[in-house]
Structures are given as structure tokens and as C-alpha cells.
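Everything below concerns the one structure shown next.
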Amino acid sequence: MATTTEQRSDSEDAEDGVIAKWTKGVIGDDEKRARLYRALFYVACGFFLVTTLFPFYWLLVLALTPNSQILTGDWSLPVIGIEFPHPQGFNPQAFVEVFQQIPFHLYVFNSFVLATVTTIIVLLVASLAGYVFGRLDFPGKGPLMLGVLMVSYFPPAAFLIPLFDAFLGNAVVIPFLGIELFEPPRLVNTPGSMIMPFSALFLPLAIFILTTFYAQIPDGLEDAARVEGTTRLGALFRVIMPLSAPGVATAAVLTFIAVYNEYFFSSIMALENVPENWSPLVGGILSYQDQYTTDFNLMAAASIVGVIPILILVIVAQERIVSGLTAGGLKE
Amino acid sequence: MARVSLSNVTKRYEDVVAVDEMNLDIKDGEFVCFVGPSGCGKSTTMETIAGLTKPSEGTIRIGETDVTKLPPKDRGVSMVFQNIALFPHMDVYENISFGLRLRKYDQDEIDRRVDNASEIVQLEGMLDREPNELSGGQQQRVAIARAIVRNPDVFLMDEPLANLDAKLRVHMRTELQRLHKQLDTTIIYVTHDQAEAMTMSDRIAVLNAGQLQQIDPPLVCYNEPANLFVAGFIGSPSMNFTDGELVDGGLTTEHYDIEFDTTELGISPGDEITAGVRPEDIYLTRNEDEVDSSSEVIEATTDVLEPMGDEIFVYLSLDGTSGSSMTSDEAAGASNQLLMSVDPDTEIGEDESVSIVLDRSKIHLFDTASGDALAHGIVDLSEAERTRAAAESRGQHE
């Protein structure tokens, strides 16, 4: 029996083409299959590495190339002759000039503060909401969750004009009757006018993430914490939140990055593009451009400087995420 | 240390009543087991005592305080959970000291108490381990240490041994008893394992369908069950039940009659009653001398034998049909089947005709309709007449 099958497969091998032979090898031979998987892994890895890191490389090239060379320089590679971004000269001076021309560090500071405060507010409120949605049963839970979902689908621009009007400090008047209700504080040019809308806009996503994570924490752990001496709130912050660290870190990083890079709202809420008015990082980068000149190299250098705080944050948070994921399944 | 009393505690969920008008009084330092089938409300009752669930009605007192509306942390209770529920992000020391740290004890006191508690449960030298590095038994001991370290008034244990393997369970059972002796704290213990309930508790509370069936010391529950449910639930294998009818001067069932004095029962002939007898109270006629007061001889055929080592369970068929596909519990419930236990050295084979007698003093009578117990042990007619005659003659003398 065994010999006949071998003979058959031999004769088939002779008829097969190269690809068919190789396919059979991969299917039949474990070692070949392992080699194929390894190769595929490297190809996929390489692809993602290139697509994510190439923009940074390009930024670095632009930052190091003197501004005069950027538009006029010869971008073709020395020997091959293909046009490819590579440094034209070496001008690290740009990284210093960034801070000399405008107080760029103040813009970075503004964005950092806005992002930090927003993240804290979002995490606090979303934790409470996530606890309620994830762990309690109450009438109207579905519709409420749907409402949160609807807020997240709303285009932020739709809020802009009424918010701007409100933050200017204009009195709230009942339409047609002209009765003045109250005069809200003037919030433009203050962090409040930016943090409030950011928090509202980024809450739904954080609520969704935290709801799923908090729902997975076994009831027994919360009960144990409550019997041991915490309130429900105490159990949330002492047990449920630490055990959902990966989820909390994800929500925090997403919120922080989104606010840190935000420009649309803050450019309007800050009436002039100066750091004293809480103009954000992107506003700072754009101020290297004026009516007649654009300092591409400074903009590139500023972008790289601006990325550094995020880079540090993500590396720290990622350690947290990975450690949370590898700490093993949550056993009670 | 405190007594726990529940009065009229009811817990209703949307369409089910989990606990129905529960009245319980647990004495200071008592070890009480809640037993019952799944979904009988024993865990819910415990949760209402712990404060994790608010009762729909009724009041709960621990000591002299009404704790019905207090949050769990202010009730002076501690709890050990079925799924152990150690905090995975804390090491053993942090787990045990969690409650103390929340209550802002000073560090020396915390250290002293944690050392003491870990000594009691034999966990010395493991305080810096993570919960997932411990075995099941060690995790359970950490959970117990976490519960005792606060010197609670009442200990609540919700099937703490259910997730352990059989050998460890027996070991932990003894340790818990030792612990109870040492601490002398009120312990309320939920289990569905009646071996745990029988061996450990001062009193057993048998629950069914959210209602308390009986609360008595283990042997009272075993020997004098309050109703059909308790009789069937306590004891393994279960009690044999035979439906019958009360006639003048005895009981008649489909396959056998037993004569006894019915005058004291308080029901009239013609009423439906159920007779219950435990497997160990059925004897072969050749061993009849072991019984003080044996019943009429019943003819039966042996069906299946189950040698257990220390005894043999014999399935007896009263009408000659085989019921071999039945489990011991089903056999005990069927009226043409009896389950008997005999000594392991008894010479008995399958499909053999045997004569058996029942121990009169161990026959239980229940009202079939209500399930309530009517009598535990029945009196021989002749003996009853003798005592009555004696009483009468005494009456004449006076």
C-alpha cells in the first residue's frame, strides 16, 4: 500500500510545474512551511516599517537641508540618478533656529497642557460612564449608549459656531423675546474654551473602550473589594481600573494624541496665533510661514521637536499596554 | 463576634423571588451552613447579609445594629468567595492588608496582623508572591487570611471549597473547623456539598425555592427531617420514598403494608401519606436480630449491586421488574424500587429473591400533599396497645 502511493506521488511530481511542486512542498513539509511563514513575516514587517518610518525620514531630510536648497536643490541620488529625498548639506542649526524665531517651546507647552488636562477629564468621566454601562443594569441603558454613539458621529464643525458664540461671553438671549438670561464668562483665549469641547468630543470613544474593558472584570473582584472596605467608586479606582490598565492606557493615548495634534478648534478659540492665547503646537509650526516666505526646514524641524513628547508618552504607555496584555488572563 | 438575624427578608428580581420571607436567627459564634440545590437562594441570602444585594423587603441585623441599609464595608463582615477573588494586581501581602490599608491602620499594626493571619493559615514566607504563582489551596488560604485579618464580626463563606480538588477540599474542611475553634467567630457558610455541611456546621439551614425548610443541628436534619424536601436532600444516597395511604391501624402501599398505631398522627384513614426510609435502615430478614423493632417482611428481588468498599448498595425491585437504568436518586423516588445498603461481606447476588424488613424506629411518615413530616419512627401496634393498657391501668389505680 505504502509503496504504491509513493510511486504515484513520484510520477505526479514529474508532471508538476515549479509552482505546483513548491506548493506541495510547503503543504507537506513542516520545515518549508516554517520558512515561508518566516519570510512572509519579514515582508509584512518591512512593509509596515517603511510606510510608517518613511515620513519621519523625509521630515529629517527636510530639517537638515538648508531652506534655500529645498526648492532649488538636486534631489537625484548621486550614482543611480533617481530622485529620492536625501539630505542636501547638513544644517542641524535648524533645530536651534526653531526656538529662536518664535517661542516654539511655549506652543509645545500649550498643546501638552491641553492634552494632559483633557486626557485626565476624559479618563475620569469615561471611567464612571464605562463602569455604569459595563457593570450595571438599569432601564434605558441601550438608548443612553446609543445617544453617546450619536454624539460621536456628530461633525465637530457643527458645534463650532454656537460654541464660539458662547465662549465670546455674549449674553444668552431668548430668541424673538429678547429677554437676557445670563452672561456666560468670556472663555476665548483660555484653555477652558478648548478643553471643554475636546473632552466632549473625545469622550464617546473612551467610553466605548472602557465599557468593554470594565465589563470583563469579574464581579467577584468588585464584591471582594466592597466587602473589604471600599465603596463602589473605590472599587472602580482601586481594582477595576488597575486591572483594565491596557484599556485605560489605550483610551489615554488615543485622547492625548488627538488633542495634542488638534488645530481646528484651538485655532479659532485662540483669537491670535500667539502662545499667550493658548495657540497649540500646529499653530506654532504654521507660524514659520508668512506671506512671502515659507521656512520648510524649520517647519520640519519643529514637527520633529513636537513629536518627541508624544514619542516618550507612547513608549511609556506601550510598556504598560504590553505588560497588561502579557500578565496573563484575568483569573479571579 | 455577633449574632445575625434576618426577619422577613425577601429578594425579588424582575420575575423571580430569589428569597422568600426568610426568618433566621444565627447565634454568636455559631457555624451555620446554608445548603440547598442550585438556585435555591442560598447565595442571594448571603449576599443580602454581606450587603452586596439589597433585600426588597425585611430587615437584617448584625449584633444590635440594623444593617439593612448599610454598605458592605460598614457591616463588619468579611467574605470568602467561591472563585477566590484575589486581586491579581497585588501580591499576597497587599491582598491580605487591603482592608486594613483602606481603614488607615498604622504600618506596625498592619504588619503585626498580616503576620498573625498568615501564620494561622500557614502562609508564612509567601507574602511577596503574586496570586497567580500560588496553587489553588494557597490562593484559598490567602483569601481566608484576607477575611480574618480584619477581625470581622461575621464570616461569610460562599462555597469557598467548590473550586478545589477533592483531596484538598477535605483538608481545607478540617482547617476551617480548626479556624472556627480558634477564632470563635460567627460563620455563615454556603455550600451545596452536604458532606461539608454535615461535618462542619453547628446548625444546617436547608433552603429550597427561596424558602427556609429547616434549621437544625446536622443530625436532627438527618434523623428528623421537617419535610419531604429535607428528607430527600440530606443524606447520600437519598432516602427511599413510597407513596401510600393511611388505613385504620397502618399504612398500605402498592407493594407492602406496615401496621402501626395511627392514633397519634392526627390524620384520618384514607389520607395520602408518603413513607420514607433510609437505605441503611433496611435489613435482610436473616439479619433481623440487628433491629429492635422490625416491620413486616417484604419480598423483593435484587437488581443491581454497587459495592462501595465499606458497604454495598443494593437496588431492590418490589414488583420483579428491572429498573437498572435508574440512578440511585431516581430509584429512591420510584415506588417499586428500594435502595438498601448492606455490609460489604454480605453474600448477595443480582436477581436474587430476598426478604427484607424495615427498622420501624427509622421510618418517616410525611403528608404527601403538604410534604410536612408526620412522624419519625412508628410504634408497633402491639407495643402501643401495651403502653396504652399500662397507662389505663395506672389511671384506674388513682
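By convention in this document, chain letters (A, B, ...) are assigned in the order of the sequence lines, proteins followed by strands, and residues within each chain are numbered from 1.
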Quiz item: Is B:D115 paired with B:R112 through a side-chain N to carboxylate O contact shorter than 4.0 Å?
Solution: no

Quiz item: Do NZ/NE/NH1/NH2 and the carboxylate oxygens of A:D219 and A:R135 come within less than 4.0 Å?
Solution: yes

Quiz item: Is chain A contacted by the side chain of B:L52, its backbone, both, or neither, given a heavy-atom distance below 4.5 Å?
Solution: both

Quiz prompt | Contact class of B:R146 relative to chain A, heavy atoms under 4.5 angstrom | solution = both

Quiz item: Side chain, backbone, both or neither: which part of B:F81 has an atom under 4.5 Å from a heavy atom of chain A?
Solution: side chain

Quiz prompt | Most contacts with chain A, counted as non-hydrogen pairs under 4.5 angstrom, among B:E130, B:M79, B:R103 | solution = B:R103

Quiz item: Less than 4.0 Å between a side-chain N and a carboxylate O, is that true for B:R12 and B:E57?
Solution: yes

Self-check item: A:V132 side chain reached by A:F138 side chain, heavy atoms, under 4.5 Å
Solution: yes

Quiz prompt | Pick from B:A50, B:G51, B:P71, B:P72 with the largest number of heavy-atom pairs that fall under 4.5 Å of chain A | solution = B:P72

Exercise. Say whether B:T68 and B:D66, considering side chains only, have a donor N or O and an acceptor N or O under 3.5 Å apart.
Key: yes

